[in-house]
Amino acid sequence: MKTCISTYSFAPLIDNKKLTYFEVLDKIKELGAEGAEFVLDDTAPDGTNPRDFALRLAEAARQKGLDVPIYTTSANFLCPDVEKEIRRVEKHIDIASEAGIPLLRHDIAWNFYEGYEGVPTFEAILPGVAAAIREVADYAAKKGVTTCSENHGRLVQDSDRLLRVFTEVNRPGYRYLCDIGNFGGVDECCSTAVSKLLPLVCHVHAKDSFVRPGMWPDPGEGWFLSRGGNYRRPTIFGHGSQPTFQCLKILHDSGYRGFVSLEYEGIEETLMALRISMKNLNRYLEQIEG
């Protein structure tokens, strides 16, 4: 498996103007990763055209010897104007295609919006959401891009719900981005959940978090509630409570040999956390592959 770092991992430094996206590429190279995962949205960070920014960033990455295996952007297909959202995501597919990035990750849905009049259940929204994803996947296929979604967003985060989505969409060009830590957000055992989706995996996020029972008092700043009311705090990869090594081994044993993107979102100092996380990730992969 090959290592990658998501630009999202540098969000505190980018947001505080301490690093630009182009300087982030230098840090990714210094940390020894083989690729950079781009996390981009509708506006370019430097105020330029999003297309031009992505093309310049992809070229800069490749000049540094970094692969760009995936372009990540947001989406929400449970919204009042689904057609508008489909067209918006298709613009990002155009950018990924032009930049020579083979994979695009989009979200699925977040929650029931204000004014939603249907039955507020996953099964009720599945046909409409799947139809939107299918249309986007078909568009992407014509552009030479594979689309994918991860276990993200609470409403469509459980492994069984994801399996229902992939079955309903029914497109070989729509795959699964496996975040090995995100299942904790819906109180599901990460290793068991990962094992259910192995045939669909096209990319992996390496993430870790601490977990505390909801029966304990609130631990305070940096902690978030899972759907079932337990406390979670993102942390350095390899320091938390998630079965990170076990998940990576399951993926390797299934035959997965693609990229593993470090995605850090903890409260520890960013560059220190990324350095330790990359060291742990590389050590895990060496032990698994050795």
Side-chain angles (χ1 to χ4, degrees), residues 1-4 6 8 35 37-39 68-78 89 92-93 96 101-110 122-123 125-127 129-141 143-208 242-244 246-263:
M1 293 189 276
K2 295 170 283 187
T3 57
C4 190
S6 170
Y8 173 69
E37 174 178 346
F38 291 176
V39 180
V68 187
I70 184 169
Y71 179 115
T72 294
T73 194
S74 63
N76 180 15
F77 296 119
L78 181 59
V89 175
H92 288 284
I93 291 169
I101 304 172
L103 189 62
L104 178 136
R105 188 226 77 163
H106 62 72
D107 297 309
I108 297 174
W110 290 94
F122 167 73
E123 290 294 335
I125 63 124
L126 178 59
V129 166
I133 295 170
R134 194 179 303 121
E135 185 173 341
V136 166
D138 289 344
Y139 181 87
K143 298 284 185 173
V145 174
T146 295
T147 55
C148 63
S149 299
E150 67 181 288
N151 41 318
H152 196 221
R154 298 292 176 90
L155 187 57
V156 194
Q157 195 162 333
D158 321 58
S159 58
D160 288 341
R161 291 185 180 185
L162 284 164
L163 285 169
R164 293 281 290 113
V165 169
F166 288 110
T167 302
E168 186 80 9
V169 173
N170 192 26
R171 288 293 188 273
Y174 177 59
R175 308 284 286 178
Y176 169 51
L177 192 162
C178 175
D179 188 304
I180 65 176
N182 272 358
F183 287 112
V186 290
D187 306 283
E188 190 171 9
C189 171
C190 292
S191 57
T192 301
V194 166
S195 70
K196 293 181 181 180
L197 291 145
L198 291 172
L200 295 161
V201 175
C202 65
H203 194 81
V204 174
H205 278 172
K207 185 187 293 179
D208 205 352
Q242 302 299 344
T244 51
Q246 184 177 358
C247 288
L248 290 173
K249 189 173 188 307
I250 289 169
L251 286 157
H252 179 270
D253 291 350
S254 76
Y256 180 76
R257 296 294 184 272
F259 277 93
V260 178
S261 286
L262 180 64
E263 188 181 58

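All figures in this text were calculated on a predicted structure; none of them were measured in a lab.
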Discussion item. Applying side chain to side chain contact (heavy atoms under 4.5 Å, CB included) to Gln246 and Val194, what does each step give before you reach the verdict?
Written reply: CA-CA 10 Å; Gln246 184 177 358; Val194 166; over 6 Å; no
Worksheet entry | From CA spacing to verdict: side chain to side chain contact (heavy atoms under 4.5 Å, CB included), Phe122, Val156 | CA-CA 8 Å; Phe122 167 73; Val156 194; 4.1 Å; yes
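What you find for Leu177 and Asn151 is that their closest heavy atoms are O-OD1, 3.6 Å. The two atoms that bring Val39 and Ser6 nearest to each other are CG2-OG, 3.3 Å, heavy atoms only. Closest approach of Cys148 and Cys202 over heavy atoms only: CB-SG, 3.6 Å. Across Val169 and Arg134, no two heavy atoms sit closer than the pair O-NE, 3.1 Å. Across all their heavy atoms, Leu104 and Ala96 have their closest contact at CD1-CB, 4.2 Å. Contact between Ala109 and Leu78 at its shortest, heavy atoms only, is CB-CB, 3.7 Å.
Under the 30°/60° scheme for interplanar angles, the aromatic rings of Tyr176 and Phe183 are found to be tilted. His152 and Trp110 have perpendicular rings, their planes meeting at more than 60° on a 0 to 90° scale where under 30° would count as parallel.
For Lys196, the NZ atom counts as densely surrounded, since its 6.0 Å shell holds more than 12 non-hydrogen atoms of other residues, nucleotides or ligands.
With hydrogens and angles ignored, the 3.5 Å screen pairs no side-chain donor or acceptor of Gln242 with any backbone N or O of Cys190. Panel note: side chain Ser195, backbone Thr192; a donor-acceptor pair is recorded below 3.5 Å. Listed for the Thr147 side chain is no donor-acceptor partner under 3.5 Å among the backbone atoms of Tyr174. Checked by atom type and distance alone, the side chain of Arg175 pairs as donor or acceptor with a backbone atom of Pro199 at under 3.5 Å.
Of the residues listed (Ile101, Thr73, Ile70), the one engaging Phe38 in a side-chain contact (heavy atoms from CB on, under 4.5 Å) is Ile101, and it is the only one.
We find the CZ-CD1 distance between Phe77 and Ile125 to be 12.0 Å, quoted to the nearest 0.5 Å. The line from CD1 of Ile108 to CG of Leu162 is 5.5 Å long, rounded to the nearest 0.5 Å. Rounding to the nearest 0.5 Å gives a distance of 12.0 Å between CG of Asp107 and CG of Leu155. Asp179 CG to Ser149 OG: the interatomic distance, rounded to the nearest 0.5 Å, is 12.5 Å. Here the OG1-CD distance, from Thr72 to Glu37, works out to 3.5 Å after rounding to the nearest 0.5 Å. Once rounded to the nearest 0.5 Å, the distance linking CG of Asp160 with CG of Leu197 reads 8.5 Å.
Using a 4.5 Å heavy-atom cutoff, the side chains of Ile180 and Thr244 are in contact. Counting heavy atoms from C-beta outward, Gln157 and Glu150 have side chains that stay 4.5 Å or more apart.
Using modelled atom types and a 3.5 Å distance limit, the side chains of Ser261 and His203 yield a donor-acceptor pair.
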